[in-house]
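Okay, structure first, notes after.
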Amino acid sequence: MRLASRVRTGDSRPVTSADAPIRRRRPDWAGRNYSLLTASAVVTGLGSHGALIAAAFAVLETGGDGGDVGLVAAARTLPLVVFLLIGGAIADRLPRHRVMVAANALNCVSQGVFAVLVLAGDPQLWQMMLLTALGGTGQAFFSPAAEGMLMSSVSGEQASRAFAVFRMAMQGATVGGAALGGAMVAAIGPGWVLAADAAAFAAAGALRAFLDVSHIAPRAPGGGLLADLREGWREFSGRPWLWGIVVQFSIANAVVAAADAVYGPLVARDHLGGAGPWGLALAFFGAGTVAGALLMTRWKPRRLLLWGTLGVFPLALPSAALAVPTSAGVLCAVMFLTGVTVEVFGVSWMTALHQEIPEDKLSRVSAYDWFGSVAMVPLATALAGPAESAFGRSQALWGCAALVVVVTAAVLCVPDVRNLRRRSKPVARSAAVGSADAERAVGGLG
C-alpha cells in the first residue's frame with residue numbers, strides 16, 4: 001500500500017523492510033466483527049447441538065415418553081414465537097451487541113440450572129419445560145440481533161463467500177457438538193452436556209461483548225415499538241419471494257422439528273442403539289452442511305432462490321429414512337446429503353436478504369422471517385406424540401416427508417422465487433436512518 005503510493009508520487013527512496021506491504025492473515029471481508037461473530041457462533045454451536053440431544057434423553061431417563069419429549073421441545077419454541085417480533089424491533093432500536101450478550105446470559109443461567117437439576121437427579125417435567133422456555137426466550141431476542149449484526153459486518157461482492165465461510169464454521173461446530181454430545185450423553189449422562197452448554201454461552205457472550213458497532217449510523221427518532229413493527233411488516237409483506245419462502249418453512253421446519261426432536265431419539269432408542277448413533281447421524285448432517293458451505297464459497301448461482309429452493313427437496317429424506325427405519329449407516333449418508341443441499345439454500349437465502357433488505361430494517365425483517373419459520377414448531381412437536389399414537393410412528397414420519405415435498409414444490413410457483421437474480425452490489429440502504437448501535441464503540445455491557 002505504501003509502495004503503490006510512492007510510485008504515484010515519484011518518491012525514489014529505497015523501500016525498507018518496514019515499508020514492505022504487511023501480509024494480511026485474513027481476507028478483506030473478514031473484519032474484526034465478522035471474526036468475533038464467527039468465533040462465538042462456533043463456541044455456542046459446540047454446546048447447543050449436544051444439549052439438544054441431552055435434553056431429549058434427560059426427559060427419557062426420568063421415565064418420560066415421546067409426548068413428554070415433544071412438550072419440552074414445544075416449551076422452548078413457544079416463547080421463541082411469542083417474543084421474536086419484539087426482539088427484532090428491539091434489536092433495530094438498541095445496540096445489537098448488548099441484546100446478544102443479555103440473551104446469552106439468560107441462556108447460560110437457564111442451561112446451568114437445568115444441568116444442576118439433572119445431575120441432582122429426578123428433575124420434574126414442569127421444571128424442564130420452564131427452563132427450556134427461558135432458553136427459548138433468550139433465543140427470541142438473540143436471533144434477530146445476531147442476524148442483523150452479521151449482515152452489517154460484511155459488504156461488497158464477497159458477501160456471499162463471507163456468509164458461506166461463516167456458515168461453514170458454524171456448521172462445523174455442529175459436527176463436533178452433535179457427535180461429542182451424543183457420546184457424552186451415552187458415557188456420562190445428559191447433565192454434564194447441559195453444563196457444558198451453559199459454559200459455552202458464557203464464553204460466547206464474553207466474545208460478543210467486544211463487537212464494534214460504531215460503524216452503524218444513528219437512527220432517527222421513531223414512533224415507538226408498534227410503529228417499528230408495522231414498518232418491518234411492510235418491508236416483509238411487500239416482497240412475495242420473502243413471505244412465500246417463510247410460509248414454506250413454517251410448515252417444513254415444523255415437521256422436520258417433530259422428526260428430529262421427538263421421533264429421531266425414539267427411533268434411535270428402539271432401533272439404532274441409543275443416543276450415540278443418533279448423535280452421529282446429526283453430526284453427519286453437520287458435516288454435510290460444512291461441505292455445502294464449502295461448495296458455496298466457490299459456486300455463485302445467478303438465480304439465488306431457484307437453486308436454493310431446489311436444495312430444500314432432500315430435506316424430506318431423513319424423515320423417510322427414519323420411517324423405514326434404515327440402518328445407522330444409511331441414515332448417516334442421508335443426513336450428509338441433506339446437509340449439503342440445505343446449505344445451498346442457507347447461503348443463497350442470507351445473500352438474498354443482505355442484497356435486498358435495507359440495513360436499518362434487517363433485524364425486524366429477520367424477526368418476521370424467524371417468526372414465520374418457527375411459528376408452527378411448538379404445535380408440531382406437541383402433537384408429535386399424539387400423532388404417533390393415532391397413526392403410528394412410521395406413518396407420521398412419512399407424512400412429515402410428504403409435507404416437505406409439497407410445500408417446496410408450491411413455493412416454486414412464486415415468480416420472484418424463480419427469477420430473483422444475484423446483484424454485484426446490495427440494494428441501496430436507507431440514507432436517513434441507521435441504528436442505535438452507534439451509541440458508542442463497543443467495550444463492555446454498560
Side-chain angles (χ1 to χ4, degrees), residues 48 51-53 55-56 58-60 64-88 110 125-144 229 233 236-237 242-267 312 315-316 318-320 322-323 342 366-411:
S48 296
L52 290 175
I53 303 171
V59 175
L60 295 175
D65 56 15
D68 293 331
V69 174
L71 287 174
V72 172
R76 177 176 179 80
T77 314
L78 183 59
L80 180 61
V81 173
V82 171
F83 293 110
L84 259 174
L85 297 182
I86 298 174
S110 63
L125 179 62
W126 71 267
Q127 294 172 325
M128 293 186 284
M129 291 177 65
L130 175 61
L131 291 168
T132 54
L134 289 175
T137 302
Q139 188 70 22
F141 286 88
F142 173 83
S143 296
L229 290 174
W233 171 253
F236 173 82
S237 62
L242 181 56
W243 61 257
I245 288 180
V246 170
V247 169
Q248 170 203 6
F249 272 87
S250 69
I251 298 173
N253 282 344
V255 297
V256 169
D260 286 354
V262 181
Y263 299 137
L266 294 174
V267 172
V312 178
L315 195 60
S319 295
L322 290 170
V342 165
S366 174
Y368 280 105
D369 174 15
W370 273 87
F371 177 81
S373 298
V374 303
M376 295 182 64
V377 171
L379 179 63
T381 52
L383 292 179
E388 179 186 12
S389 300
F391 306 109
R393 187 185 302 163
S394 179
Q395 286 75 13
L397 283 163
W398 281 118
C400 291
L403 280 172
V404 171
V405 173
V406 169
V407 297
T408 304
V411 82

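Quick note: numbers below take in every heavy atom, side chains included, and nothing from hydrogens, waters or symmetry partners. The first residue in the sequence is number 1, and the count goes up from there.
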Report task. Evaluate the criterion ring pair (Phe, Tyr, Trp, His ring centres under 6.0 Å) for residue pair W243 and F236; output intermediate values, then yes/no. Result -> CA-CA 7 Å; W243 61 257; F236 173 82; 8.0 Å; no

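- Summarising the geometry of G135 relative to R76, their closest heavy-atom pair is C-NH1, 3.4 Å, with the distance given to 0.1 Å.
- When side chains are defined from C-beta on, L84 counts as touching P144, because their heavy atoms get closer than 4.5 Å.
- Between I251 and V406 the shortest side-chain heavy-atom distance does not fall below 4.5 Å.
- Annotation: side chain of I86 is in contact with side chain of F141 (closest heavy-atom distance under 4.5 Å).
- Side-chain contact between T408 and Q248 is present, with at least one heavy-atom pair separated by less than 4.5 Å.
- Shortest non-hydrogen contact noted between P79 and A133 is CG-O, 3.2 Å.
- A 4.5 Å side-chain heavy-atom check between Q139 and F83 finds every atom pair outside the cut-off.
- For A396, the side-chain contact (heavy atoms from CB on, under 4.5 Å) partners are Y263, not counting sequence neighbours.
- Listed here is the closest heavy atom pair of A380 and A258: O-CB, 3.9 Å.
- Between the CG atom of L78 and the CG atom of L71 there is a distance of 11.5 Å, given to the nearest 0.5 Å.
- Between D68 atom CG and L125 atom CG the span is 5.0 Å, to the nearest 0.5 Å.
- A pairwise comparison of heavy atoms in M376 and A254 identifies O-CB, 3.7 Å as the closest pair.
- Shortest non-hydrogen contact noted between L85 and F371 is CD2-CB, 3.9 Å.
- V256 places a side-chain heavy atom less than 4.5 Å from the side chain of L315.
- Applying the side chain to side chain donor-acceptor pair (under 3.5 Å) test to pairs two or more places apart or on separate chains, none has a residue in residues 127-137.
- V246 has its side chain out of reach of Y368: every pair of non-hydrogen atoms, C-beta onward, lies at least 4.5 Å apart.
- With a 4.5 Å cut-off on side-chain heavy atoms, Q395 and E388 do not count as touching.
- Of all non-hydrogen atoms in V405 and A316, the two that sit nearest each other are CG2-CB, 3.8 Å.
- The distance from the SG atom of C400 to the CG atom of L322 is 9.5 Å, given to the nearest 0.5 Å.
- Note that the CG atom of N253 and the OG atom of S250 stand 8.0 Å from one another [nearest 0.5 Å].
- The side-chain contact (heavy atoms from CB on, under 4.5 Å) test applied to A261 returns A73, not counting sequence neighbours.
- Put simply, OG on S319 and CG on D260 are 7.0 Å apart, with the number rounded to the nearest 0.5 Å.
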